[in-house]
Protein chains: 2
Amino acid sequence: MDLQRIKYFLALAEQLHYWKTAEKVNITQSALTRQIQSLENELGLQLFERNKRNVKLTPAGKFLKEKWEVELSELAYIHQFAKQIHLGERGIITIAHPDSISASIMPDILAKITQAFPQLQIKLVQVLYENQLDFLKNYKIDLAITRDITSEQGIKSQKIYSDHLALVVPLAHSFKRFEDLSTESLKAQKFILPTKDEGSSYSEIIQALFKSYDFVPDVFLHSEFGSTIIALVRKGLGIAILPDSYMHHQSPGLRFIPLPFKTDILINWRADDHNPVLANILKLVFDY
Amino acid sequence: MDLQRIKYFLALAEQLHYWKTAEKVNITQSALTRQIQSLENELGLQLFERNKRNVKLTPAGKFLKEKWEVELSELAYIHQFAKQIHLGERGIITIAHPDSISASIMPDILAKITQAFPQLQIKLVQVLYENQLDFLKNYKIDLAITRDITSEQGIKSQKIYSDHLALVVPLAHSFKRFEDLSTESLKAQKFILPTKDEGSSYSEIIQALFKSYDFVPDVFLHSEFGSTIIALVRKGLGIAILPDSYMHHQSPGLRFIPLPFKTDILINWRADDHNPVLANILKLVFDY
DNA sequence: TCCATTAATGCAAAATACGCATTAATAAAT
DNA sequence: ATTTATTAATGCGTATTTTGCATTAATGGA
């Protein structure tokens, strides 16, 4: 059944006049007549009662007019919706990101996305470092924002930001400025560090930092969660090294001493992901 | 847009394989390819991601598959429903009938209708005698069951039943049998009669009855409502003449004395009413 | 009775859909 | 690396469907 026929029917059901209706829908009266006839044949029921002079809806026709009107609007709405999905203006995208940037660049990125595509649904999830790529490959997430460079096949990456590492100490601590740091004074500190992940580029940078001062740190606790680390430092249990993105979190009682080491933030996605939503988001984020 | 195309799409979205799908829907693979292509063109979006080896739904395609499946079932249901209306198995019909038969033939008729067409909705209304034909002509009711013969143009009638008139008296009344009636004894009675409607065939029969006894009755009250009349008779305010259909009402304390006068019950409908529901009901009622 | 209006129909042209055969691309097998 | 099997796309001629034009038939109103 052709929807065009239903549209013709609805027009005629409104006008109840073949000539006027035919003109309105831009076909000839004979074409309209035959469209209605074949629609009636196809349905196996009569839509109009008509003599050579008058046109009137049958009860079944009246019923179909009401129902089909609703149905056509619904189909139009579905089409509209699908088009938005096609253009990447609508849909769901799941993003994993490290806690560290949840108060720095994430709000900016999210603001940009929701402004450009207000219909988009974004799902933010926290995923352990080690699971990120697996989740990405297994379609559990669509985007992973990481501090690690990956060379995994089928995953594409792009650097979108980089921030400095910072030494995080309580306000009362003797370290006030970068110049206060020395191999001797550092040796005396207890450190709280991110989970040591072999081969993780983020860990490597921290290791490089310690190597530059030529000492092995006294690490008494590892945690993957920055907010946990910060709480521990505030309690005076030790000092930490974190990306200075954490400065954007509200963290009274702490001092961030910037260090001359940078850590990159990368965005990762499936190379074969053709979801238009993804393309739009990537475009936005690259411009960032 | 042709619904057949959507059906092809849904089949392909299920199988994700052109050859198998083409076979399943009984067209060749080339035809299927082109149907999908033209559907995509028409919609202005891509439904499948495909290379020469694999077929996969795009996000928009996945969305449309889900939605269109629902929509097609809905359309099929609507078609089904419309067909029932066409066959007169479904719909609403409004019937006006006199109070007198609400306990006699109406229950039989209604039982017959609902048994034959369980999907049918019947609306029973009480309409004043004088308004019945107007309501019928103005599409406020579809069927009028009356005791009056009408010669109105555009209205068709058919006699479906006839019942006797009966004299209605309190049990204690001196009239016990038809033989107790005489001109003398009748003259002494106070009568409660239906509203005298000039030209009404029902009234005429009652007038004929009185004429046969050659006297003019002492009528102290007219009412159009049989149940009112019965209540008044029971209270001893007078005696009445009613169709013996009222015997079927539960009316303790009353005696019905059948009279040798008959009153017809007719069913009336618009001559130009082609509602299939009506045709079905008429067929049933005529067989009654 | 005649006239104006209006839906249906015959026919040819245009548009569309279809099937057959072939092509091009790609994954799996050797 | 090469071959083979599989599979979606495409060119082309044919069949089907739809359309417009002109005409017809029916009907209500003057």
Side-chain angles (χ1 to χ4, degrees), chain A residues 1-58 60-62 64-65 153-154 270-274, chain B residues 1-58 60-62 65 137 153-154 270-274:
Chain A
M1 174 159 38
D2 197 334
L3 290 185
Q4 189 57 47
R5 280 190 181 161
I6 295 185
K7 286 180 190 155
Y8 290 154
F9 161 74
L10 288 179
L12 181 59
E14 203 61 48
Q15 294 269 333
L16 294 177
H17 193 289
Y18 274 80
W19 277 30
K20 290 180 195 167
T21 305
E23 194 175 8
K24 203 170 180 183
V25 297
N26 292 316
I27 53 171
T28 57
Q29 171 261 321
S30 82
L32 179 61
T33 291
R34 268 179 282 229
Q35 286 286 353
I36 298 293
Q37 283 173 342
S38 72
L39 181 57
E40 285 182 332
N41 274 336
E42 194 176 346
L43 292 170
L45 53 84
Q46 213 180 325
L47 295 168
F48 295 98
E49 247 180 75
R50 45 200 186 278
N51 48 37
K52 298 263 170 183
R53 196 113 191 125
N54 284 305
V55 182
K56 210 180 105 187
L57 279 168
T58 61
K62 197 176 163 189
L64 285 174
K65 168 171 150 48
Q153 207 181 4
R270 290 182 295 276
D272 67 345
D273 189 341
H274 296 120
Chain B
M1 172 157 41
D2 197 334
L3 289 186
Q4 189 56 48
R5 280 190 182 162
I6 295 185
K7 286 179 190 155
Y8 289 153
F9 160 74
L10 288 180
L12 181 58
E14 204 62 46
Q15 294 269 333
L16 295 177
H17 193 290
Y18 274 81
W19 277 30
K20 291 180 195 165
T21 306
E23 195 175 7
K24 204 171 181 182
V25 298
N26 292 315
I27 53 172
T28 58
Q29 172 261 320
S30 82
L32 179 61
T33 293
R34 267 179 282 229
Q35 287 285 356
I36 298 294
Q37 283 173 341
S38 72
L39 181 58
E40 284 182 332
N41 274 337
E42 194 177 345
L43 292 169
L45 54 84
Q46 211 180 327
L47 294 168
F48 296 97
E49 247 179 77
R50 47 199 184 278
N51 48 37
K52 299 262 170 184
R53 194 114 193 125
N54 284 305
V55 183
K56 208 180 107 188
L57 279 168
T58 61
K62 197 175 163 190
K65 167 170 151 50
K137 289 177 100 175
Q153 208 181 5
R270 289 182 294 276
D272 67 344
D273 189 340
H274 296 119

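Owing to the predicted nature of the structure, the values given are computational and were not obtained by experimental measurement.
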May I ask you to list the residues of residues 42-49 of chain B, by number, that have any heavy atom positioned under 4.0 Å from an atom of DNA chain D? none
Rounded distance (Å) that lies between atom [atom2] of [N] and atom [atom1] of [X]:
{"X": "B:Tyr18", "N": "C:dC18", "atom1": "OH", "atom2": "P", "answer": "14 Å"}
{"X": "A:Gln37", "N": "C:dG10", "atom1": "CD", "atom2": "P", "answer": "10 Å"}
{"X": "A:His17", "N": "C:dA4", "atom1": "NE2", "atom2": "C1'", "answer": "12 Å"}
{"X": "B:Arg5", "N": "C:dC18", "atom1": "CZ", "atom2": "C1'", "answer": "13 Å"}
{"X": "A:Leu32", "N": "C:dA8", "atom1": "CG", "atom2": "C1'", "answer": "12 Å"}
{"X": "B:Lys20", "N": "D:dT7", "atom1": "NZ", "atom2": "P", "answer": "7 Å"}
{"X": "A:Asn41", "N": "C:dT9", "atom1": "CG", "atom2": "P", "answer": "11 Å"}
{"X": "A:Tyr8", "N": "D:dT18", "atom1": "OH", "atom2": "P", "answer": "11 Å"}

Strictly under 4.0 angstrom, non-hydrogen atoms only: write out the protein contact profile of nucleotides 21-30 of chain D, one letter per nucleotide from the 5' end, B, S or -. B---BBBS--
When you compare the side chain of [Y] with that of [X], does any pair of heavy atoms fall below 4.5 Å?
{"X": "B:Leu39", "Y": "B:Met1", "value": "yes"}
{"X": "A:Leu43", "Y": "A:Leu64", "value": "yes"}
{"X": "B:Val55", "Y": "B:His17", "value": "no"}
{"X": "A:Leu16", "Y": "A:Phe48", "value": "yes"}
{"X": "A:Glu42", "Y": "A:Arg5", "value": "yes"}
{"X": "B:Arg50", "Y": "B:Ile36", "value": "yes"}

Looking at A:Tyr18 and A:Leu32, what are the two nearest heavy atoms and their distance? O-CD2, 3.5 Å
Minimal non-hydrogen separation, A:Gln15 against A:Thr21, with atom names: CB-OG1, 3.1 Å
Is the number of heavy atoms from other residues, nucleotides or ligands within 6.0 Å of NZ (B:Lys62) greater than 12? no
Evaluate whether atom NZ of A:Lys56 has more than 12 neighbouring non-hydrogen atoms of other residues, nucleotides or ligands under 6.0 angstrom away. yes
Where along residues 9-16 of chain A does a heavy atom come under 4.0 Å from DNA chain C, residue by residue in number order? none
Taking NZ, NE, NH1 and NH2 as the nitrogens, is one of them in A:Glu14 or A:Lys24 under 4.0 Å from a carboxylate oxygen of the other? no
